[in-house]
Structures are given as C-alpha cells and as structure tokens.
Number of protein chains: 2
Amino acid sequence: MAKTKAKSEDPKKLSKKAAKAAAKSGKKAKKPGSAEDRSVDADAADPALAPVPETTAEIEDWATPPREALGVVDGFQIRDFDAAATPGWTGSRAEAEARLAALGEEMSELQERLFAEGRSGGRRAVLLVIQGLDTAGKGGIVRHVIGMVDPQGVSLRSFGVPTQEERSHHYLWRIDRSLPPGGKIGVFDRSQYEDVLVVRVDGLAPLEEIEARYEEINQFEKALVDRETYVVKVALVVSPQEQYQRLRERLERPDKHWKFSLGDLKVRAKRPAYDEAYQLVLERTNTSWAPWYVIPADNKWFARLAVAELLVQALRDLDLTWPAADFDVTAAMAELDAQQQ
Amino acid sequence: MAKTKAKSEDPKKLSKKAAKAAAKSGKKAKKPGSAEDRSVDADAADPALAPVPETTAEIEDWATPPREALGVVDGFQIRDFDAAATPGWTGSRAEAEARLAALGEEMSELQERLFAEGRSGGRRAVLLVIQGLDTAGKGGIVRHVIGMVDPQGVSLRSFGVPTQEERSHHYLWRIDRSLPPGGKIGVFDRSQYEDVLVVRVDGLAPLEEIEARYEEINQFEKALVDRETYVVKVALVVSPQEQYQRLRERLERPDKHWKFSLGDLKVRAKRPAYDEAYQLVLERTNTSWAPWYVIPADNKWFARLAVAELLVQALRDLDLTWPAADFDVTAAMAELDAQQQ
C-alpha cells in the first residue's frame, strides 16, 4: 500500500536528502561522517529533520507546472473549457498513475508533519474545497487522493441541502463550524460555493443577497488564510457528454443505482445556468489568497493527479519540519531506562 | 493502491461469484447462459448483486478462526498473556501482509455497500472500539487498517482527557454524540472504557460509581446493537519490554519526539494497576452482543491483520447487498436519453 511508509530507509536516499537540505540552506553538501558534518549544522544532516524530498518521478511530464496550467486566467470562459484536456501534462495515463502513487508517499509524510505540528499546538491547516456537478468525480477525489493519507490527519465534511438548523443560521455558519483544526487537512465536498451556485440557479435567495455573497466569501477566506488555514479550491468540470455516460452507467448497473437520483436529471437540464453560475464564481472569487483551479474531469486519472499535485504543493509551501521536544529528552531517556531496570 | 477496486471484472471470477451465491442459497450452480440461468434467480447470477466473495487467500494460515483465537475465554488472565504471540495464525509475516491487502479489497467493497445502504435510509453501522496503552499501536490500526477504505465511509473519533464541557456531562455523553450514523464504520480511538481504566487507576471517580459503570456500559452497548450499530471491541496488548523499545525509539528519533509525553512514563510505571483494570473490563464487559477480542500487539503486522479480520467478519455478517432503486430505472433512462438528443 502506497501510504504505509513515506520515510525512506535507503541510506542512499538519505544522503541525497541531506545534500538537498544543505543545498536549500545555501551550504555546500558535506561528506557524511566528516568532522564538519558531525559538528556544525548537524540538524540538516539528520535525516529525521531533513525536508521531505519532493516527488520528482516523471516531473518532466508536467510541461507547465500544475498551478499555472490549471489556474484561472484573464478572459477564462467556462463554456469554451475542454473537460477532456490534460493541460500541462504530457505523460501517459500510466505515468500519471505512477506519479500519483509517488505523490501519495510525499503527501503522507507531509501530512504527518502537519499533524505533529498540530499536536504540538500549531494552528496551521490546509483546506481543500472541492466543487463540481454530479458525476464530476468529487467522491473519487476523496477516495483516491485523500484516501492516500492517514485518516487521523483528515477532517472531511460533505455539504448537502442545508438542514433545518443550518437554514436558521447565516449560510457561512455551517462552514465555519466545519473548519479543520490545526494540524489537519480539511476537505469540503461541496462548500460555501453552493450558496452562489445552486442557490443562484434555483433562485433560492434574493439576487441582491446572492450578489453580496461573492465578496463576503472572499473576506471569509481571507480571514481563514490570515489565521493560517490555507485554502486550495478546485472546480471539477465534466463535459455534458461524459456526464451522460456516467449517469447512464449508474442507471445500467444495479450496484450503482444508489448513486443516482432523479434530481440529477433536473440539474443536468440546467447546465447552461450552472455554467453561468460557475463563470461568476471563477471571476469573482479567484483571489490571490485563495485562487481557483479548474480541473478538466472527463479523465478521472488526470483529475486525481491534478488535485494531488495542488494539495502536495500547498503542503510543501508550509516548509514543515518536526516539532522540537518540549521536554528534556536526555532526562526522559534516563527515567525510562531506570524504570526498565 | 489496494483500495481502488474490489469488484472484479474478470469473467471467470464473476461466474465463481454466481456459483458461490447459488451455493449459499442452497441451489445448484447453473451453467451460465442456460435458459434456467436467464429466467429464475436472475439476481443471484447478476454479478453486481452477488455477495462479495470472501477473502480466501492464505485462509489456511488461520489454524483457528480469528474470533475464536482472540476471544476472551473463561479464566483468561491478562498477566499471563503473551503479547508476542500470533494466536491462530500459522503463516509468515509476508503472508499476513498479503492477506491484509486482500482483506482491504473486501473491506472496501463491503464498506461501499454499507455506505450505499446508509444513503438509502439504512441505519446499520459498525463501530470499532480500539483500546490499548500508549505505544500499543492504536494509531497504526487506524492508519493501516481503516486507511484501506474510502474516507467517506468512516467516522473516526479519538477520546482524550475530557474537555471541560465533556466533564460537565455524564461520561457517556461524549460517546453517544460520536456514534457513527447509518452506513458508516465508526472508529473510536479510546472510548467509554477510559472511564473504567484511567479513571479507576488514578481514582478520578468514587469507586462505587466506577463499579456501576461496567453494567452501565454493557446496557449502553446492548442498546447500540439493538438499534443495529454493531460493536467490535479490540484491546491491543503490548508487553512492557516492547513498550520500552517503542518509547526508547520515540526519544531517540527527533521525528518521533512529538509522539512522546512525560505522562507516558507515569502511566508505564502503573502497569500492574492497568493490567488489573483491563482484567476487570475483560471479565465484566465481555458480553454476547459486544464481545472483546484481545490482540497481542508486539508484532504490529499481526495486530493489523487480526483487527482487519474481525472488522471484515463483522461486515460479512451484515449480508450486505446493493440497495434497490427507489425510482423507475427505465423511465429515468428514457428521460436521460431524451435530454441527450
């Protein structure tokens, strides 16, 4: 299983790590075991404290880095979007799957560091917001991308039709109380954006109120990032043709009937209105602190790779290390050894 | 990744499935494609609705079935328990790991069926209660066993020192509100049993009150099972020697310091009192509706395999199928096709 172990026990890899760490801190890589290595900068040479090596397998297959390839550019028009494309990726599907597995190892290691930081009082967290129409593959992202890391480090929340209690509050109330605590990767399967998507399309709130929400959401997310909950927003886009195939499969296979509801057909019939609503979201809430990434989702393997890349990148940006002991390690060892006598 | 797909697309396997389904229902296996096959009992022959084939890989390596090998027998004494044993298992570590991966596939498939049932209004759930001292490997079980299934189907809760709010309620209050909803596998990392373990050892409640709790917990669990939340209780037991090694490692490795706290040494010094408290738990709360399984945990690979076996067995007992459509499938297909024109 990919997630079992991210830390390498291969001594060759470890010295690569140390070299990389040294390179990063602007120092020459030292020969392992040299006097210099043992004295100065021992931490950087300590594999346990070295940065996690980045996933390089098949990195050359991203002609354009994922953030750049998937970000929203000026003049972006969702109606012209090619949901079957694999922007920036030049590798094969098999290469994408190999890279996803490698990213899983890195994600697992970074997630453990984040979790450790949280346990030591750290408040930093990452929040992955997943939006997309029925069959766009939101559940698959949770299963195949988030499923690569330790469940203990994940805080997952799905947002459906608001309950009566939720409706009696401001629309951000249920979002606010579902935020990940420090040390966790939060995952929203649908989110605050439903309140400017389905709510707009179906006219579930006065237009004036909806119009005010975009900026309100921007400010809400700004506050999140200010308190160190880093937001990664992905919109999965499936083409009407592919959606047809996926819904057809849900109807043809008795083991998929439970995934289908007649409501899916009603939503599907409103695709142009949903496209417009998504267009507004991408235009108005694509902020510097919480930018959108638009993921072509006709190829599930590409969508999973793309989201994994973006999530791992967000984790890398945190420069996670292991928290220092808040106790006297030598004294603790002595006490433990004394107990064992 | 092990969890990607449990459903086989190998036609040979599918006909085995059908044969097994037929065998289970006491009917002769039919030749695929025969008139009889197409008419009567078509559902059993439909691979999508056939029971999940049980994991048979290396099954012969369990000389005694896991429930029997790990259950609490009359006269059980925790002080004589061999935490390094692998009761019932005659295979190698490598065989155990292969079997764990196979169990992961089956667990993943069964979990999806349970989830589907929950989405269709079903209330059934499974609750895995994990108890064990520091370093016994509770977190590893979550990571390596629970981590094999879709995070969407899991409801995980860790119980630490009660918060002020929790303390202001009955000790079962926080348990009650953390129960898994229908369709989920709930996981408790520590549980209601802390209120007769640490609370007993440290005298945090009047003895009379603690004494009443065992029966109270039994009745609480009885009510759970009555409303179809099936309880699987595992006590991981690590030997003092192995615990010493694991704590030593946490102190020696800077990337493990965060897992250590000075409190661990205090708890370790009270091992005899904890053994007594565990003994009472196993004697008094080993009910027919929620029996205990005692897992020797010095070998992590064995503990993980053992818990996976018990969890999968609990899921098998539910005889999970796919929920029937609550809509007219033919009409829905026609509507979908009409939209696509």
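Lettering of chains follows the sequences in order, A, B, ..., and the numbering in each one begins at 1. Please read these numbers as outputs of a predicted model, since none were measured by experiment.
Contact check on B:E112 versus A:R143 returns a salt bridge, with a Lys/Arg side-chain nitrogen under 4.0 Å from an Asp/Glu carboxylate oxygen. Between B:R190 and B:D134, at least one side-chain nitrogen of the basic residue sits less than 4.0 Å from a carboxylate oxygen of the acidic one, meeting the salt-bridge criterion.
Neither the backbone nor the side chain of A:V154 comes within less than 4.5 Å of any heavy atom of chain B. With a 4.5 angstrom heavy-atom cutoff, A:R119 touches chain B only via side-chain atoms. In this structure, chain A has heavy atoms under 4.5 Å from both the backbone and the side chain of B:E252. Within the 4.5 angstrom heavy-atom criterion, atoms from both the backbone and the side chain of A:D337 approach chain B. With a 4.5 Å cut-off on non-hydrogen atoms, B:L336 touches chain A through its backbone and its side chain both. Proximity to chain B (any heavy atom under 4.5 Å) is shown, for A:L251, by both the backbone and the side chain. Contact of B:L247 with chain A is made through backbone and side chain together, with heavy-atom distances under 4.5 Å.
A donor-acceptor pair shorter than 3.5 Å cannot be found between the side chains of B:R248 and B:Q243. In this model, a donor atom of one side chain and an acceptor atom of the other lie less than 3.5 Å apart for B:S178 and B:R157.
Of the candidates B:E105, B:Q111, B:M107, B:M107 is the only one forming a side-chain contact (heavy atoms from CB on, under 4.5 Å) with B:M148.
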